[in-house]
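Single-structure report; data block below.
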Amino acid sequence: VEKLTVIDTWLRKHRLIYLGATRHSFVISIRDGTVDFSGFKIWLGQDYKFVRAFVAFVASVLIKAWKESDESEGDTEVILSGVAALNDEIAWFKKEASGFGVQLSDVVQEQPNRDYCRFLEGLMSPEVEYTVAITAYWGIEAVYQDSFAHCLEHGSNTPSELQEACQRWGNDGFGQYCNSLKNIANRRLEKASDEERRKAEVTLLSVLEHEVDFWNMSHDGS
Ligand code: HMH
């Protein structure tokens, strides 16, 4: 019997919390085609603001990887490709916003988004271990990958206007990217102290909570 990785153990232990973030009612409404386009536009504007802070966070993870002289040469390349992808992502947000008539310069960051960005800022501190930061990075990406892939699965009824957004995070290539992040995080977590592992677990749970609050901005009620 194969031993479960640290992350797979956590995903079992916190399954309902994980599903709360990846099968949120907003995501389900995209998948079943009942989504309110005004909610999608809110998400678009808010996520654009989030991604700008996320770029700085991913850059901070890159610095942490670089500072670990062991084994992390492959890690820095994986993280760098993530930074490069975010460059395209920002261009995509601008194009998508203009298509949906969302004026990005007018978007005011809502409180849950501010709270999430503040949380990321905390993780950028040099005091936060690489293992904790890379686990958070994986979690943040995995929630979008899992959520949007669900909107593309056989039997989904995602509106054609939203297909491109779902493809952006739901495609197989991005799924493989998330898997490389997961492998890095697992490798580090296996070697980490109990205390560091606990910190990473708590941080992952905070990520999932912030993701739920983020979806709630576009789909309040439930
Ligand atoms: C809120 N979580 C949020 N926005 C994103 N763009 C990502 C995760 C990236 O996957």
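Keep in mind the model is a prediction, meaning the values are calculated, not measured. Atom set for the values below is all heavy atoms of this structure, side chains included, hydrogens, waters and symmetry mates excluded. Just so you know, ligand 1 is whichever comes first in the structure, and atom 1 is the first atom listed for that ligand.
In this view, Glu129 and Lys199 satisfy the side-chain hydrogen bond (donor to acceptor under 3.5 Å, both in side chains) rule, not counting sequence neighbours.
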Check ligand 1 for close polar pairs with the protein: N or O on both sides, less than 3.5 Å.
| residue | atom | partner | partner atom | Å |
| --- | --- | --- | --- | --- |
| ligand 1 | 2 (N) | Glu211 | OE1 | 3.2 |
| ligand 1 | 2 (N) | Glu211 | OE2 | 2.7 |
| ligand 1 | 4 (N) | Asp47 | OD1 | 2.6 |
| ligand 1 | 4 (N) | Asp47 | OD2 | 3.4 |
| ligand 1 | 4 (N) | Tyr144 | OH | 3.2 |
| ligand 1 | 6 (N) | Asp47 | OD2 | 2.9 |
| ligand 1 | 10 (O) | Glu141 | OE1 | 2.5 |

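We find that Arg197 and Glu190 are not joined by a salt bridge, their nearest charged nitrogen and carboxylate oxygen being 4.0 Å or further apart. The existence of a salt bridge linking Arg188 and Asp75 is excluded, since no basic side-chain nitrogen approaches an acidic carboxylate oxygen closer than 4.0 Å. A salt bridge is defined here as a Lys NZ or Arg NE, NH1 or NH2 lying under 4.0 Å from an Asp or Glu carboxylate O, and Glu121 with Arg114 fails to meet this definition.
Side-chain atoms of Gln145 and Tyr177 form no donor-acceptor pair, as typed in the model, at a separation below 3.5 Å.
Taking the six-membered ring for Trp and the full ring otherwise, the centers of Trp92 and Trp169 sit less than 6.0 Å from each other.
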